[in-house]
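One structure is given below, encoded as structure tokens.
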Amino acid sequence: MKLLISKLLLFFKLIRYPNLLIMAATMYLMQYALLKPMIEAAKYEMQMSSLSLFLIVFATVCIAAAGYIINDVHDVEIDTHNKSDKVIIGKHFSESTATIWYYVLNVMGILAGVWVSRSLGLNSLSLIYILTAGLLYFYSSTYKDQLLIGNLIIALLTGVVPMLPFLYEIPLLNRAYETDIVNYNASFNDLMQWAWAYAIFAFLLNLIREFVKDTEDFEGDKAYGRTSIPIAAGSKITKWIISSITILFICLVTLGFKMYLLLGEKPIADFILAIYLGVLIISPLLFAIYKTITAQNTSDYRIISQTLKLVMAGGLLFTIVLNIVLNLYYRQ
């Protein structure tokens with residue numbers, strides 16, 4: 001029994017269960033903390049069932065888990081060099097066993113994604129799961145070794161995650177309320193602004209993390225012939241790139257708050273949102289910039305990576321805070 005539990009815990013570690021939980025939480029929060037309140041405030045009803053959302057989340061999580069596994073399969077040697085204490089494949093699971101799990105998870109994810117897309121009459125969206133599975137395989141086997149391409153692929157795929165509930169719900173709303181759209185010039189497409197905001201948030205934050213992780217893994221990557229930004233451009237330029245993107249991120253958050261959240265009708269509401277963004281988003285990012293500029297070793301970059309994870313969590317929880325504030329002050 002103890003051996004079974006130990007193997008199960010190692011399997012969860014292999015598939016990066018904290019990251020998978022964040023993905024699932026992201027999609028549920030997009031649906032129930034953003035989409036649902038906004039749709040109901042406009043006197044309309046959600047169209048996607050909880051089962052459909054579960055299948056979308058399940059499909060995404062399965063394909064992501066498969067991606068983590070195949071990435072580790074291709075990285076056994078380099079991971080042994082970079083972080084030997086964290087290597088699982090070859091120590092606790094054989095490569096063949098890991099590969100079987102890769103195929104099983106991919107098949108389950110693709111089947112669930114295709115089924116829910118077809119059942120909702122949104123067949124084209126089933127391509128998301130097929131293309132993602134393919135991209136994650138080629139990322140692990142090829143693109144990760146190429147300058148910048150692998151970083152952009154992971155950042156882009158991460159950016160798609162918060163958009164998924166919107167990509168399903170909005171076409172269903174347009175279909176269900178077609179008469180209102182025609183007669184009253186109604187539109188649900190404005191909801192996509194929120195989807196794009198979170199997609200850009202996720203894209204930029206994960207792009208920064210990709211560069212941080214590349215710097216953290218510099219020695220191992222260089223030893224095995226990989227081409228990353230730190231290897232190609234050096235640590236000083238990489239620090240400049242990381243800091244510049246982080247500054248851009250802070251500017252976009254500040255601009256978004258000023259344009260879309262700073263309503264001015266209830267100063268206390270604006271104050272709560274501003275304090276939240278300042279404490280849990282902007283302050284950690286400023287710390288990350290400082291730490292990047294002064295970083296000297298691997299442990300410094302590990303701290304930066306953990307700080308960026310805190311910002312991700314803060315961005316997710318912001319949906320709940322925003323929903324509470326709007327309910328308290330603007331929907332009485």
> Looking just at side-chain N and O atoms, do Tyr102 and Asn106 make a donor-acceptor pair shorter than 3.5 Å?
Replying inline: yes
>> Is there a side-chain contact (heavy atoms from CB on, under 4.5 Å) between Ile153 and Phe138? Walk through the geometry before answering.
In response: CA-CA 10 Å; Ile153 287 174; Phe138 286 111; over 6 Å; no
>> Check for me, please, whether Leu248 and Val253 land in the same ILVMFWY cluster - side-chain distances under 4.5 Å, paths through other members count.
In response: yes
> If you look at every heavy atom in Val57 and Ala24, which pair is closest and at what distance?
Replying inline: CG1-CB, 3.6 Å
> Do the side chains of Val107 and Ile110 join up, straight or via other hydrophobic residues, at under 4.5 Å, putting them in one cluster?
Replying inline: no
> Backbone N or O of Leu316 within a donor-acceptor pair of the Tyr198 side chain at under 3.5 Å?
Replying inline: no
> Between atom CD1 of Ile128 and atom CD1 of Ile63, what is the distance when rounded to the nearest 0.5 Å?
Replying inline: 10.0 Å
>> If hydrophobic clusters are built by linking Ile, Leu, Val, Met, Phe, Trp and Tyr wherever their side-chain heavy atoms come under 4.5 Å apart, do Phe12 and Leu105 end up in the same one?
In response: yes
> Roughly how far, to the nearest 0.5 Å, is CG of Leu308 from CG of Leu285?
Replying inline: 7.0 Å
> Taking all atoms of both residues into account, what is the closest heavy-atom pair of Asn206 and Ala155, and its distance?
Replying inline: CB-CA, 4.3 Å
>> Does the plane of the ring in Tyr290 sit parallel, tilted or perpendicular to the ring in Phe287? Use 30° and 60° as the thresholds.
In response: tilted
> What distance do Leu167 atom CG and Met30 atom CE have between them, rounded to the nearest 0.5 Å?
Replying inline: 12.5 Å
>> Show the nearest heavy-atom pair for residues Ala112 and Ala59, with the distance to one decimal.
In response: CB-CB, 4.0 Å
>> Can you tell me how far apart CD1 (Ile242) and CD1 (Ile237) are? Round to the nearest 0.5 Å.
In response: 12.5 Å
>> With a 4.5 Å cut-off on side-chain heavy atoms, are Leu273 and Phe318 touching?
In response: yes
> Less than 4.5 Å apart, any side-chain heavy atom of Ile170 and any of Ile39?
Replying inline: no
>> Is the shortest side-chain heavy-atom distance between Tyr32 and Ile320 below 4.5 Å?
In response: no
> Going through the checks in order, is the side-chain contact (heavy atoms from CB on, under 4.5 Å) test met by Met312 and Ile22?
Replying inline: CA-CA 9 Å; Met312 288 181 190; Ile22 290 172; 5.5 Å; no
>> Looking at Glu178, I'd like to know if its CD atom is crowded, meaning that more than 12 non-hydrogen atoms belonging to other residues, nucleotides or ligands lie closer than 6.0 Å.
In response: no
>> Please determine whether residues Leu310 and Ile282 belong to a single hydrophobic cluster, defined as Ile, Leu, Val, Met, Phe, Trp and Tyr linked transitively by side-chain heavy-atom distances below 4.5 Å.
In response: no
> If you draw a 6.0 Å radius around OH in Tyr17, do more than 12 non-hydrogen atoms from other residues or ligands fall strictly inside?
Replying inline: no
> Does the side chain of Thr142 pick up a donor-acceptor pair with the side chain of Tyr137 at under 3.5 Å?
Replying inline: no
> Got a donor-acceptor contact below 3.5 angstrom from the Glu169 side chain to the Gln47 backbone?
Replying inline: yes
> Below 4.5 Å, heavy atoms only, C-beta onward: do Ser50 and Phe54 meet side chain to side chain?
Replying inline: no
> Which pair of non-hydrogen atoms, one from Gly150 and one from Tyr139, has the smallest distance, and what is that distance?
Replying inline: O-CE1, 3.4 Å
>> Measuring only between side-chain heavy atoms, which start at C-beta, is Glu210 closer than 4.5 Å to Leu152?
In response: no
> Quick one: does Val61's side chain get under 4.5 Å of Ile15's, heavy atoms only?
Replying inline: no
>> Using only atom types and a distance under 3.5 Å, with no angle test, would you say the side chain of Ser119 pairs donor to acceptor with the backbone of Val116?
In response: yes
>> Closer than 3.5 angstrom, by distance alone: can the side chain of Ser305 be matched with the main-chain N or O of Tyr301 as a donor-acceptor pair?
In response: no
> Is there a side-chain contact (heavy atoms from CB on, under 4.5 Å) between Asn323 and Leu34 once you walk through the steps?
Replying inline: CA-CA 7 Å; Asn323 189 21; Leu34 277 183; over 6 Å; no
>> Within this structure, what is the CD1-CZ distance for the pair Ile88 and Phe11, rounded to the nearest 0.5 Å?
In response: 10.0 Å
> Given a cutoff of under 4.5 Å between side-chain heavy atoms of I, L, V, M, F, W and Y, with clusters grown through shared members, what are the other residues clustered with Leu127?
Replying inline: Leu131
>> The test is side-chain contact (heavy atoms from CB on, under 4.5 Å); show your working for Phe166 and Leu35 and say whether it passes.
In response: CA-CA 8 Å; Phe166 292 82; Leu35 267 170; 3.7 Å; yes
> Any side-chain heavy atom of Tyr129 within less than 4.5 Å of one from Ser117?
Replying inline: yes
> When you check the gap from the basic side-chain N to the acidic O, do Lys213 and Glu216 get nearer than 4.0 Å?
Replying inline: no
> Shared ILVMFWY cluster between Leu21 and Ile56, side chains joined below 4.5 angstrom?
Replying inline: yes
>> Just to verify, which of Ile289, Thr292, Thr294, Thr215 counts as forming a side chain to side chain contact (heavy atoms under 4.5 Å, CB included) with Lys239?
In response: Thr292
> What closest approach, in Å, do Leu120 and Arg175 show between heavy atoms, and which atom pair accounts for it?
Replying inline: O-NH1, 3.1 Å
>> Within this structure, what is the CZ-CD1 distance for the pair Arg16 and Ile69, rounded to the nearest 0.5 Å?
In response: 9.5 Å
> Given side chains that start at C-beta, do those of Leu136 and Tyr68 come closer than 4.5 Å, heavy atoms only?
Replying inline: no
> Looking only at heavy atoms, what is the nearest atom pair of Gly278 and Pro284, with distance?
Replying inline: O-CD, 4.5 Å
